[in-house]
Amino acid sequence: MAFTLWTLFEATLLILNAACILHEERFLMKYGWGANQNIQGFGEPPTIKSQILNLLRSIRTVMRIPLIFINLVTIFVKLILG
């Protein structure tokens, strides 16, 4: 299998889908990555952990609706072109 732009697109789509369905209370809380774990004081720089959690929340907020349509287009293209 060749490395093409289509495979890169599919890999990115799968990673975005995985980030969007990750549930904080069920999965991330087990490993100490829950929503209430990143409490910081005023003026402290954000930690890597809190930045990753904010990135996951942002992806979930911004990409929820567009991912539905991107997934539909990807499924349609895979059905038509194989």
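Contact check for T7 versus T4: side-chain heavy atoms found under the 4.5 Å cut-off. Contact of the I65 side chain with the F69 side chain is registered, since non-hydrogen atoms from C-beta on lie closer than 4.5 Å.
I80 is connected to V77 through a chain of hydrophobic side-chain contacts under 4.5 Å among Ile, Leu, Val, Met, Phe, Trp and Tyr, so both are in one cluster. Taking hydrophobic clusters as Ile, Leu, Val, Met, Phe, Trp and Tyr residues chained together by side-chain heavy-atom distances below 4.5 Å, I59 does not share a cluster with I52. Residues W6 and V73 fall within the same hydrophobic cluster, defined by Ile, Leu, Val, Met, Phe, Trp and Tyr side chains chained together at heavy-atom separations under 4.5 Å. Under a hydrophobic-cluster definition in which Ile, Leu, Val, Met, Phe, Trp and Tyr are linked whenever side-chain heavy atoms come within less than 4.5 Å, directly or via other members, I70 and L81 are assigned to the same cluster.
A19 and L56 make their closest contact through CB-CD2, 3.8 Å (heavy atoms, listed as atom of the first residue, atom of the second, distance). Of all the heavy atoms in L67 and C20, the pair that sits closest is CD1-SG, 3.4 Å. Smallest separation of non-hydrogen atoms from L22 and R60: O-NH2, 3.4 Å.
Panel note: side chain T61, backbone R57; a donor-acceptor pair is recorded below 3.5 Å.
For the atom pair M63 CE and I68 CD1, the distance stands at 11.0 Å (nearest 0.5 Å). Atom OG1 of T12 sits about 4.5 Å away from atom CG of L8, to the nearest 0.5 Å. To the nearest 0.5 Å, atom CG of residue L13 and atom CG of residue N71 are 4.5 Å apart.
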